[in-house]
Amino acid sequence: MLRYPSLYWSILKVSFIRATAFRFDFWWRVGMDLVFYGVSIAGFKLIYLHTPLLGGWTEDQVMVFIAGYFILDALQMTFLSQNLWEFPSDVNTGLFDYTLVRPVSPLFWISCKEVAVSSFVNLLAALGIFTWALSNYTAPFSALDVLTYIFFLLNGLFIFFCVRILFSLPVFWLHSPYTFERIFYSLQPFLDRPHTIYSGWARLLVLTLIPFGLMASLPAYIFFNGLTLKIALLTLSVTTFFGAFVFWIWSKAINAYSSASS
């Protein structure tokens, strides 16, 4: 297990070298994400010109939420997105063979083989927006509240990874590389909206079976209202279920894999 940190450090160094070799692409990606941040903030600002509350949250609260979402988005774009986007195509073309013969966990390799350095720069920007949002937040909070928020955001990142890869694994049986991924991206707008705007079965759905509300919105809710036993148990249950389900489906998928070259 000690070789994995060393291997990942090498991946980070190679990714930084590659990013600096193509500077226009690097800065173009940075600029695109910054525009995305600006448009997202402006969209919520526009909504609050017409209403004082959105799903029971004030403008200051939504700014804290959207900043947390930016952090989550930057983390997944930096460490996961590019790798998981290439994975179904590799399975379909047989390039996944090269993953299986490497002396590392295939799941580790497909998840961590590349780091998007431009998105890491935007992670710094997202942290800056988060600091700005906290400075404008009028209710009292402590350092422990912020750490709790970050902890549940990181847990949300793990759930994001689980849900994301579950939409990729059908390629082992159906050999259609991006059909289910398109479904995933069609559901992703649930991620950047407060779960409190939904009610009844819809809210239950985005907190359990399609747990996008658990990734960024619920951590913000915990920051605003405090952590309760009910929320802790909900988060633990959903995280455990999706984590266990991914490892189970992964083992079935590896056994079902048949190389495109065979």
Side-chain angles (χ1 to χ4, degrees), residues 1-30 32-33 72-123 157-188 191 212 215 242-262:
M1 290 298 293
L2 293 177
R3 62 181 172 161
Y4 283 93
S6 176
L7 174 59
Y8 198 67
W9 177 245
S10 298
I11 291 171
L12 283 172
K13 290 191 291 185
V14 171
S15 297
F16 271 85
I17 292 170
R18 183 183 301 150
T20 55
F22 301 96
R23 296 181 183 179
F24 178 79
D25 179 73
F26 173 83
W27 289 112
W28 175 259
R29 291 173 181 267
V30 170
M32 285 179 61
D33 281 347
L72 179 69
D73 181 69
L75 285 170
Q76 68 89 10
M77 289 293 292
T78 301
F79 299 106
L80 297 175
S81 182
Q82 183 64 31
N83 299 319
L84 296 181
W85 174 254
E86 295 174 351
F87 161 61
S89 178
D90 288 349
V91 172
N92 215 31
T93 60
L95 290 176
F96 187 65
D97 292 359
Y98 298 105
T99 297
L100 292 178
V101 299
R102 295 178 185 275
V104 294
S105 162
L107 187 57
F108 167 83
W109 186 253
I110 68 161
S111 307
C112 304
K113 65 181 180 178
E114 187 176 343
V115 175
V117 179
S118 60
S119 294
F120 179 77
V121 174
N122 289 321
L123 173 59
L157 179 66
F158 175 74
I159 298 173
F160 180 94
F161 164 75
C162 291
V163 175
R164 176 70 175 79
I165 201 167
L166 282 173
F167 278 86
S168 298
L169 291 179
V171 71
F172 282 99
W173 293 276
L174 302 179
H175 307 291
S176 178
Y178 296 118
T179 299
F180 280 85
E181 295 208 344
R182 291 189 181 97
I183 297 175
F184 172 83
Y185 287 118
S186 71
L187 294 172
Q188 200 169 341
L191 180 58
F212 289 95
M215 299 172 191
F242 275 93
F245 191 54
V246 162
F247 282 106
W248 180 72
I249 292 291
W250 175 258
S251 66
K252 299 294 182 182
I254 292 296
N255 291 332
Y257 176 64
S258 177
S259 172
S261 59
S262 62

Should the heavy atoms of other residues, nucleotides or ligands under 6.0 Å from CZ of Phe247 be counted, would the total exceed 12?
no

Phe161: which residues meet the side chain to side chain contact (heavy atoms under 4.5 Å, CB included) condition with it, sequence neighbours left out?
Leu80, Leu84, Leu107, Ser111, Ile165

Side chain to side chain contact (heavy atoms under 4.5 Å, CB included) partners for Lys252, two or more places apart:
Trp173, Trp248

pair Phe184-Ser168: side-chain heavy atoms closer than 4.5 Å
no

Mind checking side chain to side chain contact (heavy atoms under 4.5 Å, CB included) for Thr99 and listing every partner two or more places apart, or none if nothing turns up?
Phe96, Pro106, Trp109, Ile110

Rounded distance [0.5 Å steps], SG in Cys162 versus CZ in Phe167
12.5 Å

I want to check something: taking the side chain as every heavy atom from C-beta on, are Leu72 and Met215 in contact at a cut-off of under 4.5 Å?
yes

Pair Ser186-Arg182, side-chain donor/acceptor within less than 3.5 Å
no

Parallel, tilted or perpendicular: which one describes the rings of Phe79 and Tyr8, with boundaries at 30° and 60°?
tilted

Is Tyr4 reaching over with its side chain to a backbone N or O of Val104, donor-acceptor style, under 3.5 angstrom?
no

Of all heavy-atom pairs linking Phe212 and Leu191, the shortest is O-CD1, 3.7 Å

Just checking Phe160 against Phe242, ring centres under 6.0 Å apart?
no

Under the salt bridge (Lys or Arg N to Asp or Glu O under 4.0 Å) criterion, do Lys113 and Asp90 qualify, and how do the steps go?
CA-CA 13 Å; Lys113 65 181 180 178; Asp90 288 349; 3.4 Å; yes

Is Ser89 reaching over with its side chain to a backbone N or O of Trp85, donor-acceptor style, under 3.5 angstrom?
no

Steps toward ring-ring contact (aromatic ring centres under 6.0 Å, His included) verdict (Phe172, Phe87):
CA-CA 11 Å; Phe172 282 99; Phe87 161 61; 5.8 Å; yes

To the nearest 0.5 Å, what is the distance between CG (Asp73) and CG (Asn122)?
9.0 Å

Check Ala74 against Leu123 and note the closest heavy-atom contact, atom names and distance.
CB-CA, 3.6 Å

Side chain proximity check, Gln76 to Leu157, heavy atoms < 4.5 angstrom
yes

Polar contact flag, side-chain donor to acceptor under 3.5 angstrom, Glu86-Asn83
no

Can you tell if the side chain of Leu100 reaches within under 4.5 Å of the side chain of Tyr257, non-hydrogen atoms only?
yes

